[in-house]
Engineer: 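Here you go, one structure.
Please read these numbers as outputs of a predicted model, since none were measured by experiment. The residues of the chain are indexed from 1 along the displayed sequence. Read the numbers this way: they start at 1 and go in the same order the structure lists the ligands and their atoms.
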Amino acid sequence: MTDLYPSRDAAEPQLLPRHDPVVHGAWSPSAPLSQAQAEGFDRDGYLVLEDIFSAEEVTFLQRQAGKLLADPEALDADTVITEPQGNEVRSIFELHTQSDAMARLAADARLANVARFLLDDEVYLHQTRLNYKPGFQGKEFYWHSDFETWHVEDGMPRMRALSMSVLLADNTPHNGPLMLIPGSHREYLTCVGITPDNHYKTSLRKQEYGVPDEDSLAQLADEHGIVAPTGKAGTVVIFDCNVMHGSNSNISPFPRANAFLVYNAVSNKLRAPFGPVTPRPDFIAAREVSPIAPQSGALMETFV
Ligand SMILES: O=C(O)CCC(=O)C(=O)O
């Protein structure tokens with residue numbers, strides 16, 4: 001099989017063309033997004049949805065996230081990642097298998113139907129995680145394209161996946177909100193450096209391979225600028241699998257907690273990794289495909 005998106009196999013980085021659509025579905029008035037929203041996602045590689053959850057639902061989600069963070073020892077130890085220089089929780093993976101409420105969130109029709117439309121397929125969860133940036137201590141996530149890693153390390157064949165970041169705390173300009181380079185999703189920036197086996201053990205704390213080079217990042221940022229969508233808790237930031245993104249550390253006193261739900265098209269399920277590595281474990285990259293059946297109604301309804 002020809003690899004349309006080779007990376008980490010050459011001495012110099014390259015900006016290669018994207019071979020896949022961004023919006024896979026054809027828009028019609030029955031689509032779960034307006035035409036302007038669909039066009040905006042296509043153009044920019046991200047989209048912000050505000051006020052889709054009620055205040056009660058947001059409080060419910062915040063309580064659920066609080067429970068996970070309050071007792072990480074109750075979770076599968078592999079799924080809890082601490083900060084590079086410390087013991088603070090940085091990420092909790094497999095939210096949807098460790099919290100029924102988070103599974104319900106990921107299956108919610110307000111999110112899952114948008115993913116199904118944008119990817120024009122049934123969808124399943126490739127990865128879910130809670131990224132927590134405690135006040136003063138939360139560290140950055142360096143610039144990257146998710147797809148580059150998912151392709152090389154996990155074997156995701158095509159660009160037919162997206163992430164939804166559900167803000168579980170207000171994201172302000174000060175507490176390390178997600179930053180994106182709008183339009184960068186149209187090119188594929190290859191990275192330099194052979195990936196060591198079991199790279200994930202260190203990369204989840206601090207990425208050292210699959211890291212874009214500074215000259216190319218500067219070129220992309222010069223061309224497209226950088227945005228950092230902010231919003232109150234409950235806001236959802238949807239972003240394409242290949243958009244360049246990252247975030248700064250949080251030296252403000254205000255914690256930032258965002259749930260990331262990664263939806264992949266069922267037809268784009270993982271194969272053997274494209275890089276010379278053993279596949280990453282299932283809690284980071286699901287190999288079993290369980291198509292989501294979208295659920296309607298308030299998030300808490302299932303739990304009363
Ligand atoms: O939490 C963030 O700000 C960025 C996270 C991210 O880029 C990722 O999880 O891939």
Side-chain angles (χ1 to χ4, degrees), residues 7 45-46 48 65 68-69 79-84 88-96 102 106 125-135 137-154 156 159 161-182 184-185 189 191 199-212 217 220-221 226-231 233 235-252 254-264 280-281 283-286:
S7 184
Y46 80 97
V48 180
L68 294 170
L69 287 164
T79 66
V80 181
I81 312 298
T82 50
E83 291 289 3
E88 301 87 13
V89 173
R90 173 175 172 85
S91 299
I92 298 172
F93 281 83
E94 282 218 315
L95 285 185
H96 64 295
M102 293 295 167
L125 293 168
H126 169 68
Q127 180 191 95
T128 58
R129 71 198 283 186
L130 178 70
N131 281 351
Y132 184 56
K133 280 191 193 168
Q137 304 292 339
K139 296 290 177 292
E140 76 277 5
F141 289 81
Y142 194 69
W143 293 108
H144 61 284
S145 145
D146 288 328
F147 179 77
E148 195 274 344
T149 301
W150 298 342
H151 184 69
V152 174
E153 298 194 33
D154 300 337
M156 184 179 284
M159 294 185 187
L162 56 81
S163 294
M164 296 200 188
S165 172
V166 181
L167 312 194
L168 299 176
D170 293 352
N171 279 216
T172 72
H174 315 294
N175 63 355
L178 187 68
M179 301 191 292
L180 307 114
I181 301 187
S184 58
H185 60 306
L189 177 57
C191 299
H199 173 229
Y200 76 91
K201 289 192 175 163
T202 51
S203 71
L204 300 180
R205 305 175 101 195
K206 194 168 192 303
Q207 181 105 7
E208 285 174 52
Y209 300 85
V211 177
L217 284 172
L220 287 171
I226 296 174
V227 295
T230 53
T235 301
V236 179
V237 181
I238 309 176
F239 55 102
D240 174 76
C241 60
N242 185 46
V243 76
M244 195 58 73
H245 65 283
S247 62
N248 283 319
S249 61
N250 180 14
I251 59 166
S252 85
F254 308 111
R256 192 216 76 165
N258 294 350
F260 287 79
L261 312 171
V262 180
Y263 298 90
N264 189 23
R280 298 194 297 174
F283 76 86
I284 308 176

Engineer: Search all heavy atoms of Ser247 against all heavy atoms of Gly176 and return the closest pair with its distance.
Structural biologist: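 Closest approach of Ser247 to Gly176: CB-O, 3.7 Å.
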Engineer: Could Glu83 and Lys139 be called an ion pair, given the rule that one side-chain N must be under 4.0 Å from one carboxylate O?
Structural biologist: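 So Glu83 does not pair with Lys139 through a salt bridge.
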Engineer: Can a donor-acceptor pair be found between the side chains of Asn242 and Asp146 at a distance below 3.5 Å?
Structural biologist: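 Judged by distance alone, the side chains do not pair up.
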Engineer: Could you pull out all residues at least two apart from Trp150 that satisfy ring pair (Phe, Tyr, Trp, His ring centres under 6.0 Å)?
Structural biologist: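 Here the qualifying residues are His126.
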Engineer: His96: which residues meet the ring pair (Phe, Tyr, Trp, His ring centres under 6.0 Å) condition with it, sequence neighbours left out?
Structural biologist: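 Scan of His96 (ring pair (Phe, Tyr, Trp, His ring centres under 6.0 Å), adjacent residues dropped) gives none.
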Engineer: Compute the minimum heavy-atom distance from His144 to ligand 1 and say whether it is under 4.0 Å.
Structural biologist: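 His144 counts as a contact of ligand 1 under the 4.0 Å cut-off.
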Engineer: Could you pull out, from Ser91, Ser247, Gly246, Ala228, the option with a heavy atom nearest to atom 3 (O) of ligand 1?
Structural biologist: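 Looking at heavy atoms only, Ser247 sits closest to atom 3 (O) of ligand 1.
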Engineer: Taking 4.0 angstrom as the limit and counting only heavy atoms of Arg129, give me the atoms of ligand 1 inside it, by number and element.
Structural biologist: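 Result: 8 (C), 9 (O), 10 (O).
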Engineer: Could you see which bit of Asn258 sits under 4.0 Å from ligand 1, with heavy atoms only: side chain, backbone, both or neither?
Structural biologist: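 Under 4.0 Å from ligand 1, Asn258 contributes no heavy atoms.
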Engineer: Do the ring centers of His174 and Phe254 come within less than 6.0 Å of each other?
Structural biologist: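 No, ring centres 6.0 Å or more apart.
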Engineer: Considering only the protein, which heavy-atom contact is closest to atom 5 (C) of ligand 1, and what is its distance?
Structural biologist: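 Answer for atom 5 (C) of ligand 1: Asn131 ND2, 3.1 Å.
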Engineer: Just to be sure I read this right, does ligand 1 sit under 4.0 Å from the backbone of Arg256, its side chain, both, or neither, counting only heavy atoms?
Structural biologist: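 Answer for Arg256: side chain.
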Engineer: Does some non-hydrogen atom of Glu140 fall short of 4.0 Å from ligand 1?
Structural biologist: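 Not so, Glu140 does not reach ligand 1.
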Engineer: With heavy atoms of Asp146 as the reference, note each atom of ligand 1 found under 4.0 Å away.
Structural biologist: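 Reading through ligand 1 atom by atom, the close ones are 10 (O).
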